[in-house]
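Report on one structure; see the data block that follows.
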Amino acid sequence: MNQIYTIYQTLYKHYGAQGWWPTFDENIKDKTFEVALGSILTQNTTFTSVETSLQNLHVENAIDPDVILNMNIDKFKTLIKPSGYYNQKAEYILAFIKFYKALDGRTPSRDDLLHVKGIGEETADSILLYGYEQCEFKIDAYTKRLLIELGLVDAKVKYKEMKKLMQDSLTQEIKDKKELLKVYQEYHALIVAHGKKFYSKKPYGVGCFLKN
DNA sequence: AGCCAGGCTACCG
DNA sequence: CGGTAGCATGGC
């Protein structure tokens, strides 16, 4: 068993299942769209702030592309204000909505997503992994700090390299595609749970039990 | 009171 | 290409 998969097992044993995405409303019609909204809103922000924004949107029945399009822009900005960067994020979300409606239900390619303003690698992978159930591993700041701290990559590693390391390691161990998707989804959530505890404050990794 | 959050774009050299 | 300022609110 390779090291990346061993880390997953250890984290899973320690924290248990995290749930694939902290969905605000299980009964929402368009889960994919909600995940995309959350993925954009959570950029450089805590998910608790995002939940406040999603709650604000929900009471306006605005977890819906057309409702947002027909809404006064300043009103929309007010609703997402708790997540910060509300001017930028409003622009990003409108750009995504345009893209999303044009898809008409199809699953977008990663490359197409990356051409939408406001969607970088992490947000694209977040939308694909949690919104479209695609096997795209999501790398975030915690993942990077963890891999560096464990000596598995060097400090100037790129997103692409980390993603390849995670995906190659996991596909090597897990042959069932459904299981692989589940592990991708859980693994990222576990890293966030672990990262909040040991990789938020410098120096990173103090007390991290993975360092043995 | 200050630092950090589940990033991205624009612009610099 | 790599590096960095700017974006903004909320939590601890």
Side-chain angles (χ1 to χ4, degrees), chain A residues 7-8 11 15 17-24 34-57 73-99 108 110-132 134 136-149 153-163 166 183-206 208 210:
Chain A
I7 292 169
Y8 172 75
L11 288 175
Y15 296 102
Q18 298 296 297
W20 62 285
W21 178 267
T23 338
F24 164 70
E34 186 190 301
V35 169
L37 277 184
S39 298
I40 293 170
L41 288 174
T42 200
Q43 290 170 359
N44 207 38
T45 309
T46 57
F47 207 86
T48 51
S49 297
V50 174
E51 281 177 325
T52 307
S53 298
L54 290 176
Q55 166 74 4
N56 290 345
L57 291 168
I73 183 67
D74 289 322
K75 174 162 188 183
F76 180 64
K77 286 179 181 176
T78 304
L79 297 176
I80 65 169
K81 203 167 188 175
S83 304
Y85 307 135
Y86 54 87
N87 289 305
Q88 276 193 342
K89 286 176 180 175
E91 186 188 348
Y92 294 170
I93 288 168
L94 290 178
F96 176 77
I97 288 176
K98 199 178 288 180
F99 171 79
R110 186 172 190 272
D111 206 46
D112 284 345
L113 270 172
L114 288 173
H115 283 97
V116 180
K117 185 172 178 185
I119 298 185
E121 297 200 275
E122 180 179 341
T123 307
D125 286 333
S126 181
I127 293 171
L128 288 169
L129 179 60
Y130 295 112
Y132 286 99
Q134 301 296 299
E136 300 283 352
F137 201 93
K138 173 180 174 179
I139 304 291
D140 70 334
Y142 288 135
T143 312
K144 181 174 179 178
R145 289 173 194 167
L146 180 66
L147 292 176
I148 290 173
E149 197 60 35
V153 301
D154 65 77
K156 37 178 208 166
V157 66
K158 296 278 202 30
Y159 187 99
K160 208 179 188 178
E161 304 170 43
M162 291 185 281
K163 178 167 171 160
M166 301 307 281
V183 170
Y184 279 18
Q185 292 177 334
E186 274 302 327
Y187 205 158
H188 170 71
L190 285 166
I191 288 173
V192 172
H194 188 68
K196 280 180 180 165
K197 278 189 119 136
F198 301 108
Y199 291 87
S200 281
K201 266 188 315 191
K202 288 183 183 177
Y204 299 133
V206 176
C208 170
L210 292 172

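Per chain, numbering begins at 1; letters A, B, ... match sequence-line order. All values below come from the heavy atoms of this structure, side chains included, with hydrogens, waters and symmetry mates left out.
A close approach under 4.0 Å does not occur between any side-chain nitrogen or oxygen of Ser49(A) and OP1 or OP2 of dA5(B). When the side-chain nitrogen and oxygen atoms of Lys201(A) are compared with OP1 and OP2 of dC12(C), none of them lie within a distance under 4.0 Å. Put simply, Asn87(A) has a side-chain N or O that comes within less than 4.0 Å of OP1 or OP2 on dA8(C). Look at Tyr86(A) and you'll find a side-chain N or O under 4.0 angstrom from OP1 or OP2 of dT9(C). Using a 4.0 Å cut-off, no side-chain N or O of Lys89(A) falls inside it from OP1 or OP2 of dG7(B). Remark: Arg145(A) is in phosphate contact with dA5(B), judged by side-chain N or O atoms under 4.0 Å from OP1 or OP2.
Taking a pair as Watson-Crick or G-U with both hydrogen-bonding distances under 3.5 Å, the stems of three or more pairs touching DNA chain C are B:2-5 with C:9-12, B:7-13 with C:1-7.
No donor-acceptor contact under 3.5 Å links the side chain of Lys156(A) to the base of dG2(C).
Between the NZ atom of Lys117(A) and the P atom of dT9(B) there is a distance of 8 Å, given to the nearest Å.
Taking the side chain as every heavy atom from C-beta outward, Val192(A) and Phe47(A) never approach each other to under 4.5 Å.
Residue Lys77(A) is out of contact with every strand shown, counting any heavy-atom pair closer than 4.0 Å.
A distance of about 23 Å separates the P atoms of dG6(B) and dG6(C), rounded to the whole Å. The same atom, P, is picked in dC4(B) and in dT4(C); the two are 16 Å apart, to the nearest Å. For the C1' atoms, the distance from dA8(C) to dG2(B) is 16 Å, rounded to whole Å.
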